[in-house]
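Accompanying notes for the structure given below.
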Amino acid sequence: MNLYVYYEVAVADAASIAVAVRTMQEALALAASNVHLLRRADTSGERQTWMEIYEDVADDFEGRLAASVDAHELSERTGARHVERFDVID
(Lines give C-alpha, C1' and ligand atoms only; values in the text may rest on other atoms or scores of the structure.)
Protein backbone atom coordinates (compact mmCIF):
# COMPACT_ATOMS: atom_id res chain seq x y z
CA MET A 1 0.00 0.00 0.00
CA ASN A 2 1.11 3.56 -0.68
CA LEU A 3 0.06 6.53 1.43
CA TYR A 4 -0.38 10.05 0.03
CA VAL A 5 -0.83 12.85 2.55
CA TYR A 6 -1.61 16.39 1.44
CA TYR A 7 -2.10 19.61 3.38
CA GLU A 8 -1.42 23.34 3.23
CA VAL A 9 1.37 25.30 4.88
CA ALA A 10 1.92 29.03 5.22
CA VAL A 11 4.69 30.25 2.92
CA ALA A 12 6.19 32.20 5.83
CA ASP A 13 6.62 28.92 7.79
CA ALA A 14 7.59 26.67 4.87
CA ALA A 15 11.33 26.42 5.58
CA SER A 16 10.93 25.40 9.22
CA ILE A 17 8.05 23.03 8.46
CA ALA A 18 10.14 21.36 5.74
CA VAL A 19 12.87 20.66 8.29
CA ALA A 20 10.33 19.14 10.70
CA VAL A 21 8.69 17.00 7.98
CA ARG A 22 12.04 15.73 6.68
CA THR A 23 13.15 14.88 10.22
CA MET A 24 9.90 12.97 10.73
CA GLN A 25 10.32 11.19 7.39
CA GLU A 26 13.85 10.13 8.28
CA ALA A 27 12.47 8.48 11.42
CA LEU A 28 9.82 6.68 9.33
CA ALA A 29 12.06 5.78 6.37
CA LEU A 30 12.71 2.22 7.54
CA ALA A 31 8.97 1.51 7.42
CA ALA A 32 8.59 2.57 3.75
CA SER A 33 10.51 1.66 0.60
CA ASN A 34 10.47 5.27 -0.64
CA VAL A 35 9.57 8.56 1.05
CA HIS A 36 8.97 11.87 -0.76
CA LEU A 37 8.04 15.45 0.09
CA LEU A 38 6.47 17.43 -2.75
CA ARG A 39 5.03 20.91 -3.23
CA ARG A 40 2.29 21.78 -5.73
CA ALA A 41 3.98 23.30 -8.77
CA ASP A 42 1.45 26.08 -9.36
CA THR A 43 1.70 27.54 -5.88
CA SER A 44 1.04 31.25 -5.44
CA GLY A 45 -0.16 33.37 -2.60
CA GLU A 46 0.43 32.92 1.11
CA ARG A 47 -0.18 29.14 1.28
CA GLN A 48 1.34 26.13 -0.45
CA THR A 49 -0.08 22.64 -0.92
CA TRP A 50 2.37 19.92 0.07
CA MET A 51 2.27 16.15 -0.33
CA GLU A 52 4.09 13.43 1.57
CA ILE A 53 4.36 10.06 -0.17
CA TYR A 54 5.15 6.79 1.60
CA GLU A 55 5.52 3.74 -0.66
CA ASP A 56 5.13 0.06 0.22
CA VAL A 57 3.99 0.53 3.80
CA ALA A 58 2.36 -1.99 6.14
CA ASP A 59 -1.28 -1.72 7.16
CA ASP A 60 -0.31 -0.31 10.59
CA PHE A 61 1.82 2.48 9.09
CA GLU A 62 -0.93 5.11 9.24
CA GLY A 63 -1.04 4.89 13.04
CA ARG A 64 2.73 5.20 13.23
CA LEU A 65 2.58 8.23 10.94
CA ALA A 66 -0.12 9.90 13.08
CA ALA A 67 1.97 9.38 16.22
CA SER A 68 5.03 10.81 14.48
CA VAL A 69 3.06 13.86 13.27
CA ASP A 70 2.07 14.51 16.89
CA ALA A 71 5.61 13.92 18.17
CA HIS A 72 7.00 16.45 15.67
CA GLU A 73 4.18 18.92 16.45
CA LEU A 74 3.15 19.16 12.81
CA SER A 75 -0.61 19.13 13.42
CA GLU A 76 -0.45 22.65 14.83
CA ARG A 77 1.75 23.95 11.99
CA THR A 78 -0.08 22.69 8.91
CA GLY A 79 -3.59 22.73 7.61
CA ALA A 80 -5.75 19.64 7.94
CA ARG A 81 -3.86 16.54 6.78
CA HIS A 82 -5.74 14.45 4.19
CA VAL A 83 -4.64 10.83 3.82
CA GLU A 84 -5.26 8.78 0.67
CA ARG A 85 -4.42 5.05 0.39
CA PHE A 86 -3.59 3.34 -2.89
CA ASP A 87 -2.71 -0.26 -3.69
CA VAL A 88 -0.45 -1.22 -6.57
CA ILE A 89 -2.24 -3.03 -9.39
CA ASP A 90 -0.32 -6.15 -10.36
Side-chain angles (χ1 to χ4, degrees):
M1 174 176 59
N2 296 340
L3 239 58
Y4 299 84
V5 183
Y6 61 96
Y7 49 90
E8 289 188 346
V9 301
V11 171
D13 298 329
S16 65
I17 293 172
V19 170
V21 171
R22 288 190 177 113
T23 300
M24 178 188 71
Q25 288 182 318
E26 287 175 14
L28 293 168
L30 294 177
S33 66
N34 289 303
V35 175
H36 305 282
L37 178 60
L38 306 162
R39 177 181 61 218
R40 186 181 300 272
D42 60 351
T43 299
S44 62
E46 295 180 13
R47 300 198 63 78
Q48 298 175 341
T49 302
W50 286 14
M51 179 176 286
E52 297 168 24
I53 300 174
Y54 301 92
E55 297 178 348
D56 300 319
V57 298
D59 290 338
D60 68 343
F61 182 82
E62 195 170 344
R64 294 173 67 183
L65 176 60
S68 193
V69 166
D70 289 342
H72 289 87
E73 300 177 348
L74 288 168
S75 297
E76 301 84 26
R77 302 178 69 196
T78 68
R81 295 172 59 88
H82 307 280
V83 178
E84 302 279 342
R85 295 160 212 80
F86 286 82
D87 290 320
V88 175
I89 299 173
D90 296 326

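Only heavy atoms go into these numbers, but all of them, side chains included; no hydrogens, no water, no symmetry mates.
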Heavy atoms of Ser68 and Met24 approach each other most closely as OG-CG, 2.9 Å

Roughly how far, to the nearest 0.5 Å, is CD1 of Ile53 from CG of Asn2? 8.5 Å

Can you tell me how far apart CG (Leu3) and CD (Glu55) are? Round to the nearest 0.5 Å. 11.0 Å

Taking His36's backbone N and O only, do any of them form a donor-acceptor pair with Gln25's side chain (distance below 3.5 Å, no angle check)? yes

Between Phe61 and Tyr54, what is the ring plane arrangement, given parallel below 30°, perpendicular above 60°, and tilted in between? tilted

Rounded distance (nearest 0.5 Å) linking atom OG1 of Thr78 with atom CH2 of Trp50: 9.5 Å

Do Val83 and Val35 share a hydrophobic cluster (ILVMFWY, side-chain heavy atoms under 4.5 Å, transitive)? yes

Okay, side chain of Asp56, backbone of Ala32: is any donor-acceptor separation there less than 3.5 Å? no

I'd like to know whether CG of Asp42 has more than 12 heavy-atom contacts from other residues, nucleotides or ligands below 6.0 angstrom. yes

Knowing that exactly one of Glu76, Glu62, Glu8, Glu52 qualifies, which makes a salt bridge (Lys or Arg N to Asp or Glu O under 4.0 Å) with Arg81? Glu52

Look only at the side chain of Thr23 and the backbone of Val19, and say whether a donor-acceptor pair between them is shorter than 3.5 Å. yes

Rounded to the nearest 0.5 Å, the CG atom of Asp59 sits from the CZ atom of Arg85 at a distance of 10.5 Å

Between OH on residue Tyr6 and CD on residue Glu84, distance to nearest 0.5 Å: 5.0 Å

Taking all heavy atoms of Met1 and all of Ala58, pick out the closest pair and write down the distance. CE-O, 3.8 Å

With a 4.5 Å cut-off on side-chain heavy-atom distances among I, L, V, M, F, W and Y, is there a chain of contacts connecting Val21 to Met51? no

Show the nearest heavy-atom pair for residues Arg64 and Ala31, with the distance to one decimal. NH1-CB, 3.5 Å

Between Ile17 and Leu37, is there a shared hydrophobic cluster once you connect ILVMFWY residues whose side-chain heavy atoms come closer than 4.5 Å? yes

Are Tyr7 and Val11 co-members of a hydrophobic cluster defined by side-chain heavy atoms under 4.5 Å apart? no

With a 4.5 Å heavy-atom cut-off, do Val9 and Arg77 have their side chains touching? no

